[in-house]
There are 2 protein chains.
Amino acid sequence: MSVTIKDVAKLADVAPSTVSRVIANNPRISEKTKRKVKEAMDYLGYHPNFNARSLANRSTQAIGLVMPSSADKAFQNPFFPEVIRGISTIAHEQEYALYMSTGNTEDEIFEGVVRMVQGRRVDGIVMLYSRVDDRIMCYLQEQKFPFTVIGKPFKNAESITHIDNDNFKAAQEMTEYLISLGHERIGFVGGNLNLVVTIDRLLGYEKAIRNAGLPYKDEYIVHEEFLKEGGQEAVKELLALKDPPSALLVIDDVMSFGVLSTLNELGVSVPDDISLLSFNNVMLSELSSPSLTSVDINIFKLGYEAAKGLLECIQCPEKEAKRVVVPFQLIERQTCSKVSGK
Amino acid sequence: MSVTIKDVAKLADVAPSTVSRVIANNPRISEKTKRKVKEAMDYLGYHPNFNARSLANRSTQAIGLVMPSSADKAFQNPFFPEVIRGISTIAHEQEYALYMSTGNTEDEIFEGVVRMVQGRRVDGIVMLYSRVDDRIMCYLQEQKFPFTVIGKPFKNAESITHIDNDNFKAAQEMTEYLISLGHERIGFVGGNLNLVVTIDRLLGYEKAIRNAGLPYKDEYIVHEEFLKEGGQEAVKELLALKDPPSALLVIDDVMSFGVLSTLNELGVSVPDDISLLSFNNVMLSELSSPSLTSVDINIFKLGYEAAKGLLECIQCPEKEAKRVVVPFQLIERQTCSKVSGK
DNA sequence: TTGTAGGCGTTATCAC
DNA sequence: GTGATAACGCCTACAA
């Protein structure tokens, strides 16, 4: 059917192994035959068959991506395209392809990962999220299959290469920033408590509150689904308090959109009545009105480094696990202001 | 290294070919040996190697996705996660995996596609966009490689299975809707003119304008990059006219966010001063304030049908190309109102 | 420097 | 029903 190494060999009048060597750019092959073979390849339009190569080679030149459940709201977050952009940049440089696993349920996703791993469809995996007690991560560790994680593994973090922001510190600093603006009643709007990032940021928030000698109130902490309903619920709960917060630390820009929209419906003005500071600085965060003050966590770099780390794992399995910390930076826009009257 | 069909065969005391038949669920195999083999597989934790299977089979059980350049702003559009959700739903049902090709430049992407195709890494391809004179599409046609397109191919549309909304009709109806609200000065904010969808919607818009006997003014038609800068430019141009539009038909929700934010900065009120109607109804469109009136184009279904069509192409290559039209529906929210004084 | 031969893990085609 | 055996397309000792 399609052109194989043998066809090329025949035309160039050499052995198939010679052609193979030319492809691999084997140094001990004469320039002359190299040229001859290359001409034949061009002439026939030869392209190596990757499956055959993988089989002989035991390497697929592909890396697998594990995303959250596509039924999950988080899937729609612009975080993912951006992180994939980072991953694909380095994948391209090294001629790796991307293999995706999605599914509507946890089981589907798990099963997809098993197929990737056992079927030897990929050389390694990047986990695009980190959650508490993750089945997939346990499985990959058991199998000793190369993988890296974006975010901090809940346990065994030392033995797993992972790429993360210092979320604890980030949340702490941001809370301090709000405090420096005069806020003393600061709410925390978190997402899924299964996600390690939620936990880290919550702890950082708590630290700052306690350091400042402010009361740490449970009723200021809310965890909700993303988006509309979540944002709505969260906001309503918080505003219903006798002493509602004057500032909110929100874990994700998209969630902030929901919060913003709900506040707007309720006629609460941002930032005059309430300040909003969130994380991620996704592309759209400058487009809301008011535009979001947000922490740029450098999503692209998270992806880039995660893939880079993975390729290192694959290429030198002996190398020990490492932790890469990607810096963050506050982008001040329009949703934070000094507390009124100060 | 890992357990193979031979190990299973040995343990179950049968020939490798028998094991293979059990895997394939070959009917003419005795229940007894079937059970015996399955036990052995379970015991050893056997999983078939996909590469070997592909090689023998000439089928990879994977489909390739071609996205726009990740340097492109469009890449960040929530359209893509949603369309991928549709694709992966049916892919999962039939145990197909997803293979992704991205890149920062057109050349990179093209090269990635060539690798997918020639390297036999996938059985077929879904193009996630359709643009005028697309190199990749030409290539796939030349190679007679199975593929489907989301959107309408610019040429040879009859011979390519594609899944599309009736964008001409949609734009026409939406323009008529704005006219029915009393608007007579309606602007069109389009994206890249290379995209077929832009062209179709522009033509539908024109049709409605002419049908209504309204003047078709070139200065009401603006094409810009997505997002902030694009939206800003577009809006400024339009508002600078002696007779600025009272309503805008915007080709994409994300672009609408940009428009909305710019209008807001300029102190122009939506929908009181100007109405906004856009396309896609992405998840975030209800979160802006005011929330977007938008045409739901059923992105999930576009993806689902595209993958379904592709699997049909792959499974019965003889079948002729078809066009699937996915219905659309106006979702009325807060950005459209009757023209003031009517 | 190049050719020969065997193997990577499956499936498919014969036989029996 | 089941077992040999030859592909599938490529890589890699080993030999020459």
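Chain naming here is simple, since letters A, B, ... match the order of the sequence lines and numbering starts at 1 in each. Treat the numbers as computed from the prediction; the structure is a model and nothing was measured. The analysis underlying the following values was restricted to heavy atoms, covering all of them including side chains, and did not include hydrogens, waters or symmetry mates.
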Asks: Let me check something: any side-chain donor-acceptor pairs from residues 42-51 of chain B under 3.5 Å, sequence neighbours excluded? List them with distances.
Replies:
{"unit_1": "B:N49", "atom_1": "OD1", "unit_2": "B:N51", "atom_2": "N", "d": "2.7"}
{"unit_1": "B:N49", "atom_1": "OD1", "unit_2": "B:A52", "atom_2": "N", "d": "3.0"}
{"unit_1": "B:N51", "atom_1": "ND2", "unit_2": "A:R120", "atom_2": "O", "d": "2.9"}

Asks: In whole angstrom, give the distance that lies between atom NZ of B:K6 and atom C1' of C:dC8.
Replies: 8 Å
Asks: With each end axis built from five pairs of C1' atoms, what bend angle do you get for the helix from C:dT1-D:dA16 to C:dC16-D:dG1? Round to 10°.
Replies: 40°
Asks: Which atoms of nucleotides 11-15 of chain D (N or O only) lie under 3.5 Å from a protein N or O atom, and what are those distances?
Replies:
{"unit_1": "D:dC11", "atom_1": "OP1", "unit_2": "A:R53", "atom_2": "NE", "d": "3.1"}
{"unit_1": "D:dC11", "atom_1": "OP2", "unit_2": "A:S20", "atom_2": "OG", "d": "2.8"}

Asks: Heavy atoms only, 4.0 Å cut-off, all strands: where does A:T33 land among base, sugar-phosphate and nothing?
Replies: sugar-phosphate
Asks: Closest approach of B:M67 and B:T102, non-hydrogen atoms and distance?
Replies: CG-CG2, 4.2 Å
Asks: For residues 122-131 of chain B, dump all side-chain donor-acceptor pairs below 3.5 Å to protein atoms at least two apart in sequence or in another chain.
Replies:
{"unit_1": "B:D123", "atom_1": "OD1", "unit_2": "B:T60", "atom_2": "N", "d": "2.8"}
{"unit_1": "B:D123", "atom_1": "OD1", "unit_2": "B:T60", "atom_2": "OG1", "d": "2.8"}
{"unit_1": "B:D123", "atom_1": "OD2", "unit_2": "B:T60", "atom_2": "N", "d": "3.2"}
{"unit_1": "B:D123", "atom_1": "OD2", "unit_2": "B:Q61", "atom_2": "N", "d": "2.9"}
{"unit_1": "B:S130", "atom_1": "OG", "unit_2": "B:K152", "atom_2": "O", "d": "2.6"}
{"unit_1": "B:R131", "atom_1": "NE", "unit_2": "B:D134", "atom_2": "OD1", "d": "3.3"}

Asks: Report, one line per pair, each donor and acceptor closer than 3.5 Å where one atom sits in a side chain of residues 299-325 of chain B; sequence neighbours left out.
Replies:
{"unit_1": "B:E312", "atom_1": "OE1", "unit_2": "B:K322", "atom_2": "NZ", "d": "3.0"}
{"unit_1": "B:Q315", "atom_1": "NE2", "unit_2": "B:Q94", "atom_2": "OE1", "d": "3.4"}
{"unit_1": "B:R323", "atom_1": "NH1", "unit_2": "B:H162", "atom_2": "NE2", "d": "2.9"}

Asks: Can you tell me if NZ on B:K36 sees more than 12 non-hydrogen neighbours from other groups inside 6.0 Å?
Replies: yes
Asks: Send over the distance from B:L44 CG to C:dG9 P, rounded to a whole Å.
Replies: 14 Å
Asks: Check this for me, if you would: do B:R115 and B:E111 make a salt bridge, where the nitrogen-to-carboxylate-oxygen distance has to be below 4.0 angstrom?
Replies: yes
Asks: Once salt bridge (charged side-chain N to carboxylate O under 4.0 Å, His left out) is applied, do any residues pair with B:E82, and if so which ones, sequence neighbours excluded?
Replies: B:R85
Asks: Quick check: are there more than 12 heavy atoms from other residues, nucleotides or ligands sitting under 6.0 Å from CZ of B:F110?
Replies: yes
Asks: Quick check on D:dG9: is either OP1 or OP2 less than 4.0 Å from any side-chain nitrogen or oxygen of B:R58?
Replies: yes
Asks: Between atom CG in B:N49 and atom P in D:dC8, what is the gap in whole Å?
Replies: 18 Å
Asks: Counting only side-chain nitrogens and oxygens, does A:T4 get under 4.0 Å of the OP1 or OP2 atom of D:dC8?
Replies: no
Asks: Whole angstroms only, please: what is the CE-P distance between A:M41 and D:dG9?
Replies: 17 Å
Asks: Rounded to whole angstrom units, what separation is found between the NZ atom of B:K36 and the C1' atom of D:dG1?
Replies: 12 Å
